[in-house]
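The sequence lines fix the lettering, A, B, ..., with proteins before strands; numbering per chain opens at 1. Because only heavy atoms are used, hydrogens play no part in the values below, and waters and symmetry mates are left out as well, while side chains stay in. Nothing here was measured: the structure is a model prediction, and the numbers come from that model.
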Amino acid sequence: MNLDFTKAEEDFRAEVRDFLKEKLPKRISEKVRTGQRLTKADYEEWHAILNERGWLATHWPKQYGGTGWSVAQAYIFDLETALAHAPRIVPFGLSMLGPVLIKYGSEEQKSYWLPRILDGSDWWCQGYSEPGAGSDLASLKTRAVRDGDHYVVNGQKTWTTLGQHADMVFCLVRTASDGKKQEGISFLLIDMKTPGVEVRPIILLDGEHEVNEVFFTNVRVPVENLVGEENKGWTYAKYLLTYERMNIAGVGKAMAAFDHLRQIARTQRKNGKPLAQDPLFAARMARVEIDLENMKTTNLRVLAASEGGPASLELGAMLKIRGTEIQQEITSLTRRALGPYAQPFVSEALDEGYNGDPVGPDYAAPVAVDYLNNRKLSIFGGSNEIQREIITKALLEL
Amino acid sequence: MNLDFTKAEEDFRAEVRDFLKEKLPKRISEKVRTGQRLTKADYEEWHAILNERGWLATHWPKQYGGTGWSVAQAYIFDLETALAHAPRIVPFGLSMLGPVLIKYGSEEQKSYWLPRILDGSDWWCQGYSEPGAGSDLASLKTRAVRDGDHYVVNGQKTWTTLGQHADMVFCLVRTASDGKKQEGISFLLIDMKTPGVEVRPIILLDGEHEVNEVFFTNVRVPVENLVGEENKGWTYAKYLLTYERMNIAGVGKAMAAFDHLRQIARTQRKNGKPLAQDPLFAARMARVEIDLENMKTTNLRVLAASEGGPASLELGAMLKIRGTEIQQEITSLTRRALGPYAQPFVSEALDEGYNGDPVGPDYAAPVAVDYLNNRKLSIFGGSNEIQREIITKALLEL
Amino acid sequence: MDFNHSDDRRMLADMLGRYLQERYAIDTRHAISNSQAGWSSEHWSALADLGVIGALFDEDVGGFGGTGFDIAVVFEQLGKALAVEPFLGTMMAGRVLARSGGQHALMEKVMAGGSVLAFAHEEAESHYDLAEIAMQATAEGATLTGTKSVVYQVEAASHIVVSARVAGSPGQETGIGLFLVEAGAPGLAIRGYPMIDGGRGGELTLSNTPATLLAEDGFSLVEDAVAAGVVALSWEAVGIMDRMKADTLDYLRTRKQFGVPIGKFQALQHRMATVALEIEQARSAAINASVSLDDPRIKRERAISAAKYTIGRVGTLVVEEAIQLHGGIGMTWELPLSHYAKRLTMIGHQFGDEDHHLARFTALSMA
Amino acid sequence: MDFNHSDDRRMLADMLGRYLQERYAIDTRHAISNSQAGWSSEHWSALADLGVIGALFDEDVGGFGGTGFDIAVVFEQLGKALAVEPFLGTMMAGRVLARSGGQHALMEKVMAGGSVLAFAHEEAESHYDLAEIAMQATAEGATLTGTKSVVYQVEAASHIVVSARVAGSPGQETGIGLFLVEAGAPGLAIRGYPMIDGGRGGELTLSNTPATLLAEDGFSLVEDAVAAGVVALSWEAVGIMDRMKADTLDYLRTRKQFGVPIGKFQALQHRMATVALEIEQARSAAINASVSLDDPRIKRERAISAAKYTIGRVGTLVVEEAIQLHGGIGMTWELPLSHYAKRLTMIGHQFGDEDHHLARFTALSMA
C-alpha cells in the first residue's frame, strides 16, 4: 500500500499550480470564490485559456487534442483547479459528448465536431431527460422519424442545463417503439438554430435561470448527425453516464467549499467565541471533514482500480451518493453558520460589478442560494435513489 | 386545548402512588431498578398483589374482573408503575388473550378462562410467529385438522416469549388452505401439557433464555378450545394486535430508563466534569429527552382521540416506531456512558442474591445486555418496517 | 385532557383560513412579496377587521386572545398560506407594549389595522444570544445609538420596539432596556432588502435617535416576546409542513415512473412514513410550547427551546425529503412547494437554530 | 498510489486466514472464549510459528513488520475469525518495549509464542482520556500502587506494561512513567472476568508492587501504542463488517417473506446500500490510520481519531442494521452474526468512542 503520488505526479501538481497562478484570471477566480454568477463569456474565456495550454479535454486521448492524462493526473488537475477557484469545465461537450464521439462516432464526426468543442465554436447541451422520463430515462418519448436524408424530431426535453447558451444539443430520441424500451433509442446531434427548436427557461427556487425546457416541433436533422447505429443509442448513453462518473465524488469542489466554511466559522462568533469552537458546530464540521477525508481515500482507491478504464458502476455510485451528501452538508453548514444573515437576499449582489454594501458579512449573499441550489446534486446526474439501486443490484445479484 | 389531567385523574394518580409505596415489594422493585433477572415467582407475586387490589386487568371491563378504567387512567397507571420500577404486567393473558375472549369467546370460555388469568392459575404464552412467517404472519403453516371432538395440531411456533413458564398457549393455526392466506386461520387454546407439545429454548445473543420454539406433533386439542368461528381467526388476531398497541409507546418505561441514564451521566466523569456536562453527550441526552417529551404529547393526543376504543392504526404505528427508537436510544446512551465498563460481563451479577463485588460501577452489569436485548423492540410486535407500511398505506391510499 | 381548540378559536381559524384561501392564493402572495413594500396594507386591514390582530393580544390591552393557542391558530393558517404580512413583529412588539403597561392608544390603532409594529432586538454579533446586545442608550435613556440586524418588515412599521443597553456590556442579561422608537425619528435609517423566503427585512441604524423608555430591566420581557415568537414560528412551520406533506403525498400518488405511481416504491414509502411521523412530533412540540407560555420561566423556556429545536430539525428533514421525493420539479419556482421549503428553512434561522436551542435546553435543565 | 498489499503481507494474510478458517471455526472460538482461560495457548503457539506475532514488530526487536499495514493484515483476519487471543495487548505492550529500547530477550520469547503481554493504562476515572492516570509510582520508581481497569487478557500475560504517575496529577500529560510488571509479582492482584464480546479481561490492582522503569516521560509512548491499537481495532472492525455484510446479503437473498426473497424489498435494498457504502468509508478510514502511524504527531493523531470515530459510527450502524435486516434470527446466540455484532459494538468502547474521538479530532485541528 502506498497512498502517495509519484514524484512525476507531484511535479505535475506543481506545474498545474504554476499554471493556475499565472493564467487563471483573478477576476474570474474571485467570482467563483465569492459565489457570484458566471456568464457565458466567463466560461468561454477560461476554456480558451485551458485550450491554449492543451489542458481542456482532460479525458480525451492525445490524438484528438486531449491531454492523454492518467487518472491520477486528471484527479490532481481537478483538485488543484477547484482549490484555486477556477470555474468548472462545462462538461457537456468535453466530458460527455467528446468521449462518445471518440468511441462511437464516425471519422467525419470526430474530425468535424471535436475541434469545434475544443475551440469553443459549439456550446453543447444535453438532451436526455424528459418530463415523463426522469429516473426512468429509457422511457423517453421524443420521436425521430426518418424522412429521406433527414430525421424529423418531435418532442420535449427538460432540465437542459445552460441550454440558453447552447449552439448544439446531443439528444436521445426514439426511432423505434417495438421491443424493450431501451431498444429503439438513437443518439442525435441537433443544431439549436434549426427551425422548430424552442428553448424555454425553467426558473429554480432560488430565482436563477440555469436549466431549460427544449421543445422540438418537426425539427429536421440531417442523417449524418446520427452517432453510431440507429436504435443503439442506449449503449452510447450509458457509456456517457459511466464517463460522467469519473469525477463524480467532487473532491476538489468539496475541499474548496469546506475551506470556505472553515473560514466563515472562524469569523462568526457565538457565545463570545468563534463559531468554530462551539462544541455542536465544531462536531458537525468535524463529521463532514472526516467524511471527506475518508471519501478522498475511497476515491483514490476507485481511481487506482480503474486506471485505464471507467470506474466500476457500484463504487462510482457510492462516490456519487457520498460526494453529493458531503457537498450538500457543507453548504448546509455554511447556511447554518450565518445565523439570521442567511435570510436577506439581494440578488444583484451576485452580479459582477455590484457596488452596493453587503447585507451582513460580505460572504453572506450567495450562501442560502447555494444551499437551495445544491439540493439538485442528489437529484440530477442519476438521483441518489437510482445510485442505491445500482449498488444493491451489484451486491445482491437477485 | 388542555393537556392537564382532571382533578379526578390526579386523585387517581395519588392513589396509585400510595398503593405502590405500600404494596410494591422493595425486593422486586430493586431487581427491576438494577436490571436483575425476574423469576416466574417474581411476576406471580406482583400479579397477585395487583389482583388483590383489582388492578391487574387494566384493559378489561369491570364485569369480567377488570378495572374498567378510562384510557387516561390506564395511562397514568402504566406511567406510575414504570416510574416506581414495578415489573411489567405479563401481557399474554391479560392484554392479549383477555380482550379477545371478552369480545369473541363463548360464555363458557369467558367464565372458565378469565378468572384463571386473574388468579394466576394459567400462565399464557403466544403462538403467532413461525420460522417461515415473521413479518408475513398470515403465511403461517401450523395445521389443525378436525378429528371428532378434537383438532389435531402439527407444526411449529417460534419467538414464544417466556413460553418456558407457560401452562397454556393461544395459537393461530391453519384450518383451511384454499382462498387467501388470511382466510382459513383459526384461533386455538392449547394446553402446554398435552402430549406432543415440546418447548425448546432459543438463547439470545446476550446469553439469556427469554424466547422459545414450540413444536406441535399430533397434539390433540378439544374443539371447545376453538375461539369464535373456525377460519375466522385472522380477525381475532388483528383485534389482539390493535389492543396490544394501546400502550405501545412505552412512555413510562422510557421515562424510567431516562432517569436512570441521567443519574449515570451525572456520576460518570469525563474530562474532569460529569459526563452529563460533556457537550456531545449532553446533546445526545437532550435530543432523546426532547423526543420523549414530544412523544408523550403525541401519545396523549392518540389516547384522547381514541377514548373508548382502540387507537387508529397509523398513529399507533407511529408511536410504536418512535417509542421503540427512543427506548433503544436510551439504552444505547447508557451503554455509551459506561465507557470501557460496558465490556465486562459477570452473568451471575444479574441474579438475586449475588454477593460478589461489582466490576466497575454498581450499575454497570446489565447495561450492555440491555442494549443488545432491546434490539428486539424494533423487530418484535410488528417490526418497524411493517409499521411503516401501515403508515404509508393509510397516508397514500394507493 | 382535551386536544380540541375552543369554539371561538376554531371559528377564527376557519375564517382566517377561508379568507387566505380565497383572497391570498399563491400568485397573489408572490406579487405582494415581490412588491416594493413587501406586504399588503389592504390585506392587513381586512385581516384586522376579521379580528386576527386582536386575537394576538389579551384583554388588558383591548385584545381578546394572546394565549399560546390564540397565537397558534393564527400562525398555523398564516403558514399554510405563506403570508408575508407583518404579524410576527407586530405580535412580539405589541406583547412588550402590553406587558410594559402602556401605549393603549397605539395598541388600539394596531388592532384596528391602522399601524404596524416591529421588534428590533438581535444584532450582528448576537448569533441568537438574547443577551448579546450592544445598542447604546444614553444615560438619561432619551436617545439610542447602534444597529439592529435583520428586523422583519421594519419598513412597514410605524413604531419599533428596540432593546438597548442602559447598563452593563454585551452578554449580560441585566442592563438591557426596552424602548419605543417612531418610524421617521431623527437619526433613524433603514436599509431594507428582500428576504430569500419572501417579504422584506432591514438593518435598523439609530444615531442619537429619540426613544421612549418602556422598561428599564427588560430582559424578561425580551424572553417573553421571543417565547411567543417561537410559538408563532412553530405553528407557522406546522402549517407549512402539513401543506408540504399533502403536496408530496399527492405527487407520490400521481407521478409515474417505470409505469407505476412513484408512491408504490417502498423505499420512498418508508421515507414518507418517517416524514409524517416527525411532523406529528413537531406538532406535539408546538403544542407543548403553546401550553408553556403561562408556565414559570425554566419550565416555559425548556418547552420553547425543545419546540424550536424540534421545528428546526424536522423542518430541515421535511424540506430536504419533500424536494428529493419530488425530484427536479420540487426545485422549480413554479411549484408552490419550493416556496414553502424556503420559508421553512428560514424559520430555522429565526430566534435560534436547532443547535442553539439544543444546547440551551441542556443549560436550562442544569439551571 | 498503490492500494495493494505487498506480496509478503498478502501471503501472511492468506496463511493466517486459512489457518483460522480451518482450525478456528466459530464453535472452536466459542469453546475457547468460554473456557476458564478465555484464550488458547495452543493456537497462540501455532500462530507464533506462522510468524503472526513477529509481523507485529519491527526489525529492531527481531520482528519483521510492525508498520501500520502489517498490523492491518493481521487484525483484519483476526476480526473475520472473531479470535479472542491476546494479540492486542501483546502488540501494544511489545510496541512500548520496542520503543523504550530494551527487553530483547522477553520480546524474543514473545515472538516465539512463549510469552503473552498485556497493556494496562486506562483507569476507572479515565473515560478514554489518556492523561487521566492516578496509579502511583514511588519516588524511586521501584514500586507501583493503584488500579487499572478492564485490561484485556491480563490473566494470560507473563508481563504487563503499566503506566503510573512519577510526577504531576491526573489529567496532566507530563509525569506519566511506563513500567514493566511481572505476573505474580508481590502485591499484584487480578480480578478476572469474561467479556460480553468473548475472551476475558480483568481489573489489575497493584500494591507496592515492584516494577521495572521503561520510560520516565512515557505519554508519547502511550499515544503511540494506543495509535497502533486503534489501527488494529479498526482493521479488526473492517474484517467483522465485511463478514456481517456478507452474511446479511446472504440472508437477504435466501430468506423469503410474502413469497419473495426479502432482498427484493426496495426499502431494505436502499438501507443495505447505505451499509455497504459506509463500510467502504470505514475501510478508507482504516487505510488512512495505517498510513499515519509514521506521520508527525498531529497528523497521525488526527487520522487515528478520524478512524476511531468512523469505526465507532459505522460499527453501530452495521450492528443495528444487520440485526434489523435479519429480524429475530439475528439476535440468536446460534447465529455467528450476533457474536460479530457484540464484538463490533464493544470495539466502540475500546480506546475511545465515537464522541470522544470526534471532539479530539476538533481539538487536534485547532492545535
### Query
Taking atom types as modelled and ignoring hydrogens, do the side chains of A:Gln387 and A:Glu314 form a donor-acceptor contact shorter than 3.5 angstrom?
no
So, the part of D:Phe361 with a heavy atom under 4.5 Å from chain A: the answer is side chain
Under 4.5 Å to a heavy atom of chain A? For D:Ala359 that would be neither
Most heavy-atom pairs under 4.5 Å with chain A, out of D:Arg283, D:Gln269, D:Met366, D:Gln281, belong to D:Gln281
Okay, A:Asn384 and chain D: the region with an atom under 4.5 Å from a heavy atom over there is neither
Under 4.5 Å to a heavy atom of chain D? For A:Glu385 that would be both
Any chance the side chains of A:Ser378 and A:Gln328 put a donor and an acceptor closer than 3.5 Å?
yes
### Message
Do D:Asp58 and D:Thr67 pair up side chain to side chain, a donor and an acceptor below 3.5 Å, judged on atom types alone?
### Response
no
The interface call for D:Leu249 against chain A, heavy-atom contacts under 4.5 Å, is both
Counting heavy-atom pairs under 4.5 angstrom with chain D, the leader among A:Met318, A:Glu289, A:Glu397, A:Arg301 is A:Arg301
For a quick check under 3.5 Å, do D:Ser292 and D:Asp295 share a side-chain donor-acceptor pair by atom type?
no
Determine whether the side chains of D:Tyr128 and D:Gln350 contain a donor N or O and an acceptor N or O closer than 3.5 Å. no
Pair count under 4.5 Å, heavy atoms only, with chain A: among D:Arg253, D:Lys264, D:His5, highest is D:Arg253
Residue pair A:Thr298 / D:Ser284, side-chain donor-acceptor N/O under 3.5 Å
yes
Note: vs chain A, highest number of non-hydrogen pairs under 4.5 angstrom among D:Glu278, D:Arg313, D:Lys245 is D:Glu278
Residue from D:Asp250, D:Thr274, D:Asp355, D:Leu252 scoring the most non-hydrogen pairs under 4.5 Å with chain A is D:Thr274
Result for ring-ring contact (aromatic ring centres under 6.0 Å, His included) between A:Phe12 and one of A:Phe19, A:Trp69, A:Phe5 points to A:Trp69
